[in-house]
Amino acid sequence: MPREFSRTDRVADFLQRELAQLIQFEVRDPRVGMASIRDVEVTRDLAHAKVFVTFVGKETDKECEAAAEVLNGASGFLRSQIAKMSNMRSVPKLRFIYDKSVREGTRLSALIEQAVQTDRRHNEDEQGED
């Protein structure tokens with residue numbers, strides 16, 4: 001029997017889709033740039049939602065955190081836009097959180113690749129000596 005999704009899961013999916021569209025087309029602040037909604041966690045009472053976001057083209061964590069603060073400042077506007085397009089009785093209060101996992105994953109991949117290259121060079125040097 002297929003798993004039924006709870007209301008919080010459905011609301012989180014809806015918020016993720018709609019916020020991605022709204023941020024792309026309605027938020028005109030250049031500090032935000034290109035944002036990607038990674039995940040949305042909604043509380044059981046549907047009063048609050050944590051929106052995990054990453055930013056494309058931002059070089060430092062400080063820039064990304066500043067962009068997340070811009071989105072937190074625009075959360076009232078985004079919430080009102082979602083209220084207009086949905087039939088929900090109340091829209092959760094939005095809190096944007098910068099998700100460092102993508103940047104950390106890229107950094108770790110680079111470190112692993114560097115270690116593999118170093119190991120390869122070390123093995124080639126040992127074979128050349130024999």
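Worth saying up front: this structure is predicted, and the values here are computed from it rather than measured. Keep in mind that the numbers below use all heavy atoms, side chains included, and drop hydrogens, waters and symmetry copies.
Within the 4.5 Å cutoff, the side chain of F96 has no heavy atoms near those of the V70 side chain. Residues H122 and T118 are not in side-chain contact: their nearest non-hydrogen atoms beyond the backbone lie 4.5 Å or more apart. A heavy-atom distance below 4.5 Å is not found between the side chains of S36 and F55. The shortest distance between side-chain heavy atoms of L46 and T8 falls below 4.5 Å.
When each of V51, V11, D13, D9 is checked for a side chain to side chain contact (heavy atoms under 4.5 Å, CB included) with V42, only V11 meets the rule.
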Exercise for the section: May I have the step-by-step check of salt bridge (charged side-chain N to carboxylate O under 4.0 Å, His left out) for E124 and R121, ending in yes or no? Expected result: CA-CA 5 Å; E124 288 173 0; R121 275 189 254 124; over 6 Å; no
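Residues M34 and V53 are members of separate hydrophobic clusters, defined by side-chain heavy-atom contacts under 4.5 angstrom among Ile, Leu, Val, Met, Phe, Trp and Tyr.
Atom CZ of residue F52 and atom CD of residue Q16 lie 11.5 Å apart, to the nearest 0.5 angstrom. Annotation: the span from I97 atom CD1 to L71 atom CG amounts to 12.0 Å, rounded to 0.5 Å. Rounding to the nearest 0.5 angstrom, the gap separating the CG atom in L94 from the CG atom in L15 is 6.5 Å. In this structure, I37 CD1 and E18 CD are separated by 11.5 Å, a value rounded to the nearest 0.5 Å. We find the CZ-OH distance between R38 and Y98 to be 11.0 Å, quoted to the nearest 0.5 Å. From R17, atom CZ reaches atom CG of L22 across 12.5 Å, with rounding to the nearest 0.5 Å.
Heavy atoms only, all atoms of each residue included: K58 and C64 are closest at CB-SG, 3.3 Å. The shortest non-hydrogen separation linking A47 to T43 is N-OG1, 3.4 Å.
Applying the salt bridge (charged side-chain N to carboxylate O under 4.0 Å, His left out) test to pairs two or more places apart or on separate chains, those with a residue in residues 60-74 are D61-R103, E65-K100. Residue pairs meeting the salt bridge (charged side-chain N to carboxylate O under 4.0 Å, His left out) criterion with at least one member in residues 72-98, sequence neighbours excluded, do not occur. Within the structure, every pair that satisfies the side-chain hydrogen bond (donor to acceptor under 3.5 Å, both in side chains) test and touches residues 22-31, not counting sequence neighbours, is listed here: D29-R31.
The 12-atom threshold is not exceeded at CD of E59, counting heavy atoms of other residues, nucleotides or ligands nearer than 6.0 Å. In this structure, M85 places its CE atom where more than 12 heavy-atom neighbours from other residues, nucleotides or ligands lie under 6.0 Å away.
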